[in-house]
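See structure below.
Start at 1 and go down the list; that is how both ligands and their atoms are numbered.
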Amino acid sequence: MLKSIGVLTSGGDSPGMNAAVRSVVRTAIYSGVDVWGIYNGWRGLLDEDLKKLERKDVGDIIQRGGTMLGTARCKRFQTVEGRKLAYEHMQKYGIQGLVVIGGDGSLRGASELSAESGVPIVGLPGTIDNDVWGTDYTIGCDTAANTIIDAINKLRDTASAHRRVVVLEVMGHHSGWLAITSGIAGGAEYILVPEEEYDMDIICDDMKYAYKQGKRYILVVVAEGVASGIEIGKIIEEKTGIDTRVSVLGHIQRGGSPTVQDRVKASQLGEKAALALISGMSDVVFGFQADRVVCINLHDAVNNKKQLDPEYLRLSKELF
Ligand code: F6P
């Protein structure tokens with residue numbers, strides 16, 4: 001049994017991280033275990049920016065986006081020396097294990113720290129991209145997809161009024177999950193994801209034909225990993241001659257009060273992570289498969305690439 005654990009959030013923040021932190025902290029305290037909040041991701045461990053948390057410290061946060069612990073992308077932690085220092089600081093404060101909440105980069109760092117120092121680590125997938133292998137779900141993806149839908153609904157109004165093509169660029173450098181999910185839910189005509197290749201000539205010919213047949217407007221959702229929305233919009237306008245406008249949603253997608261799904265799932269995952277770590281488990285990530293909490297090997301999670309659901313890809317083309 002571990003008697004003292006730490007929790008940190010790392011990488012891009014995502015709505016629901018607070019619910020996960022709250023759950024980890026309250027589960028640990030309920031189990032009679034000390035829990036340290038480490039601020040600003042791995043950087044906080046290197047800079048000794050940490051504090052022992054009490055139940056009340058995680059009150060009034062479940063409804064908030066972002067992360068009360070702060071987060072960072074920490075270059076120093078990517079070095080062996082950096083991770084050695086992180087381990088030494090854990091020893092200094094008597095922190096016997098860590099719950100790490102973040103995306104694939106953060107979990108990779110966790111996996112390296114555990115391999116090099118033997119320190120017990122349990123990961124939780126926290127990223128709006130929903131691109132962590134072994135889990136259908138990552139904390140924050142639902143809120144982000146709903147934020148995109150809200151934007152799509154508004155863009156439809158103005159696109160229809162003007163008979164325009166509207167291109168919406170959404171996040172996702174290597175993963176098209178956000179684009180494909182929100183594109184399907186928002187009824188987009190074209191959804192461009194990094195997992196597939198596109199022939200803009202064919203797409204633009206289709207668009208011209210559709211307009212000739214009386215189509216009022218066209219909505220294109222493009223993941224940032226394909227190309228910038230500006231580039232795609234320029235190509236479309238040049239090739240079709242149709243008035244085209246571009247919106248880049250940017251970091252708006254990362255903020256906002258988490259949805260019910262993100263709050264509940266993050267709470268479930270936080271509890272499982274804390275209990276597993278306290279009981280001596282290590283090198284695992286908790287996620288969801290078929291709506292049930294599952295335990296995945298940490299090294300597998302970071303060494304495999306999650307594929308975009310082929311059913312989503314098929315559906316997006318069929319419903320166009
Ligand atoms: O990893 C989450 C994510 O939101 C990606 O979708 C996006 O490409 C990236 O973070 C943006 O990172 P930053 O906030 O550091 O610019």
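With respect to the salt-bridge test (charged N to carboxylate O, under 4.0 angstrom), the residues Lys305 and Asp131 do not qualify.
Counting only N and O atoms by type, the side chains of Thr67 and Thr9 include a donor and acceptor under 3.5 Å apart.
Val260 belongs to a hydrophobic cluster whose remaining members, ordered by chain and number, are Val264; membership requires side-chain heavy atoms of ILVMFWY residues under 4.5 Å apart, directly or through intermediates.
When each atom of ligand 1 is checked for a heavy atom of His173 under 4.0 Å away, the hits are 8 (O). Counting atoms of ligand 1 from 1 in the listed order, those under 4.0 Å from a heavy atom of Gly172 are 6 (O).
For the residue pair Tyr39 and Leu50, the shortest heavy atom distance occurs at CD1-CA, 4.0 Å.
Identified under the side chain to side chain donor-acceptor pair (under 3.5 Å) test for residues 11-21, with sequence neighbours left out: Asp13-Arg254.
Selection from His251, Met171, Glu224, Arg73 by nearest heavy atom to atom 16 (O) of ligand 1 gives His251.
Protein heavy atom at the shortest distance from atom 2 (C) of ligand 1 is Asp129 OD2, 3.5 Å. Among all protein heavy atoms, the one lying closest to atom 11 (C) of ligand 1 is Arg254 NH1, 3.5 Å.
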